[in-house]
2 protein chains.
Amino acid sequence: MASRQPLPATAYAILGLLSFGRELTGYELKQWADDSLRFFYTAPAMSQIYTELERLHDAGLVLDRVVQDGNRTIRSYRLSARGAAALRTWAAETRPEPPVLKHHLALRLFLGHLVEPERLVEQVRAHRTWLEHMLTELADVRDDLAHDDPDTWRYARLVAAWGRRYYESEAAAMDELLAELSLLPVSRSLENLPGS
Amino acid sequence: MASRQPLPATAYAILGLLSFGRELTGYELKQWADDSLRFFYTAPAMSQIYTELERLHDAGLVLDRVVQDGNRTIRSYRLSARGAAALRTWAAETRPEPPVLKHHLALRLFLGHLVEPERLVEQVRAHRTWLEHMLTELADVRDDLAHDDPDTWRYARLVAAWGRRYYESEAAAMDELLAELSLLPVSRSLENLPGS
DNA sequence: ATGGGCATGTAACGAGTTACATGATTTT
DNA sequence: AAAATCATGTAACTCGTTACATGCCCAT
């Protein structure tokens, strides 16, 4: 029990996963986060999930059930009534913050004058490959969602569709970038830095 | 002097800004970060810029110059030869990490069953408005870049072009999302949560 | 019997934030 | 005279990570 203070976004993400109605262990939550949140939100580390679950439990927003499975202890969590209320209030009444983007490749591009153009091209291509990888994994998710209850996973499917567009657009942007980079005249700015 | 250990990405971002050759104060770096990094990388807080500058100075990667301007002290920083070398090594030899995305709106969409559809639509629309705002600000940046030395800002212009596509694609995705949301049958899942 | 997956947790740490505190200079 | 901008910095804190530590269960 206690503290109505605003929780970290990750706490709401975990409550959100629990709002699908299943009773889950920390381990299972981590797996699910890796299969869903990962694509549009960072999947929290295992240890943070446990930390967050404890906090949520202390606040009375989740209920736990301790199962003595032979010799080891397994704790499963489910949403409490208060947790569901807090979650709904959060979802309805707080406005989503703007997305947080740390685009390391864009930073490299911004600082393109630091490397030979071929290096940059390599890095853009590597990023492109990564995007393709994400797209195939997303496709797997979409396949799974197609098999399951259409009502429950309605919004998950919308996010998956959004994600597909998102990553595809990024991949197309990388292709355009590669075209633009190939047109760039040889830079002389490498020599303008201190120490050369 | 000291420590060849890997610096946080933000330190390299600051070194990167200094690699454009100007001598800058912490305050000026913050302003510039807000006008550039902001669009593809989080602009660090003022206090962190000072922290990072001190770290970089201790490591001998930047040189400072203390100007006694009347009564107050102003510290300007410029890249040292070692800093330039460290920066170039980083840019050429370490591969950029995948982008970090925390898309709060996507999380809300994923948890769409928690709110009335109209709420969701409002939030998507608000996000769309924010994207438009970012686009107009980016357009201002592009105008500025068009006036300045084309050689120096070559890569900055590429990033700005990338950013424009990025935010435009997001805006288009929001429009598609709104269309899809309007087709969605009324959900009954609001009633399936604990406590209702 | 060994390796991988299931399962839980702690400790140390680091990046980055907000809030606080101060004061000069410039513009209105 | 007041407000905005320039300018620097500290303190407290929190989110979140990696590394560590443990041990069960199941398949090969």
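In what follows, chains are A, B, ... by sequence order, proteins preceding strands, each numbered from 1.
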Given atom OH of A/Y41 and atom P of D/dC15, what is their separation to the nearest angstrom? 11 Å
Could A/R108 and B/W90 be counted as a cation-pi pair, given that NZ or CZ must be under 6.0 Å from the ring centre and within 45° of the axis? yes
Identify whether any heavy atom of A/A9 sits under 4.0 Å from a base atom; if not, whether one sits that close to sugar-phosphate; answer base, sugar-phosphate or nothing. nothing
Quick one: sort the A/F110 and B/F20 rings into parallel, tilted or perpendicular, breaks at 30° and 60°. tilted
Is B/E180 paired with A/R165 through a side-chain N to carboxylate O contact shorter than 4.0 Å? yes
Does a side-chain N-to-carboxylate-O contact under 4.0 Å join A/R38 and A/D35? no
Short side-chain N/O contact from B/Q48 to OP1 or OP2 of C/dA15, under 4.0 Å: no
Let's see if you get this right: which residues in residues 33-40 of chain A place a heavy atom under 4.0 Å from DNA chain C? none
Under a 4.0 Å heavy-atom cutoff, the residues of residues 101-111 of chain A touching DNA chain C are A/K102
I need the CD-P distance between B/E52 and C/dA15, as an integer number of Å. 7 Å
Going by atom types alone, do B/S19 and B/R78 pair a side-chain donor with an acceptor below 3.5 Å? no
Look at the rings of B/H113 and A/Y155 and say which category their plane angle falls in: under 30° parallel, 30 to 60° tilted, over 60° perpendicular. tilted
Step by step, work out the side-chain hydrogen bond (donor to acceptor under 3.5 Å, both in side chains) result for A/H57 and A/E52. CA-CA 8 Å; A/H57 187 251; A/E52 224 60 70; over 6 Å; no
Contacts under 3.5 Å, N or O only, protein and nucleotides 8-14 of chain C:
| from | atom 1 | to | atom 2 | distance (Å) |
| --- | --- | --- | --- | --- |
| C/dT8 | OP1 | A/R75 | N | 3.0 |
| C/dT8 | OP1 | A/R75 | O | 3.1 |
| C/dT8 | OP2 | A/G26 | N | 3.4 |
| C/dT8 | OP2 | A/Y27 | N | 3.1 |
| C/dT8 | OP2 | A/Y50 | OH | 2.8 |
| C/dT8 | O5' | A/Y50 | OH | 3.3 |

Check if the side chain of A/R72 and the base of D/dC25 share a donor-acceptor pair of N or O atoms closer than 3.5 Å. no
Would you classify A/A43 as touching base, sugar-phosphate or nothing, given that sugar-phosphate means primed atoms plus P, OP1 and OP2, and contacts are heavy atoms under 4.0 Å? sugar-phosphate
Using a strict cut-off of less than 4.0 Å between a Lys/Arg side-chain nitrogen and an Asp/Glu carboxylate oxygen, indicate whether B/R164 and B/E170 qualify as a salt bridge. no
For A/R157, look at atom CZ and say whether over 12 heavy atoms of other residues, nucleotides or ligands are found less than 6.0 Å away. yes
To the nearest Å, give me how far apart CD1 (A/I49) and C1' (D/dT18) are. 15 Å
I'd like to know whether A/R119 forms a salt bridge (Lys or Arg N to Asp or Glu O under 4.0 Å) with A/E116, so could you lay out the CA-CA distance, the side-chain angles of the two residues, the decisive distance to 0.1 Å, and finally the verdict. CA-CA 6 Å; A/R119 269 293 128 90; A/E116 339 268 303; over 6 Å; no
Interatomic distance where CH2 belongs to A/W32 and C1' belongs to C/dG5 [whole Å]: 21 Å
Expressed as a whole number of angstroms, how long is the span from A/Q31:CD to C/dC6:C1'? 8 Å
CG of A/L29 versus P of C/dC6: gap in Å, rounded? 14 Å
Rounded distance (Å) that lies between atom C1' of D/dG16 and atom CG of A/L53: 15 Å
Would you call the rings of B/H103 and A/W162 parallel, tilted or perpendicular, taking 30° and 60° as the class edges? perpendicular
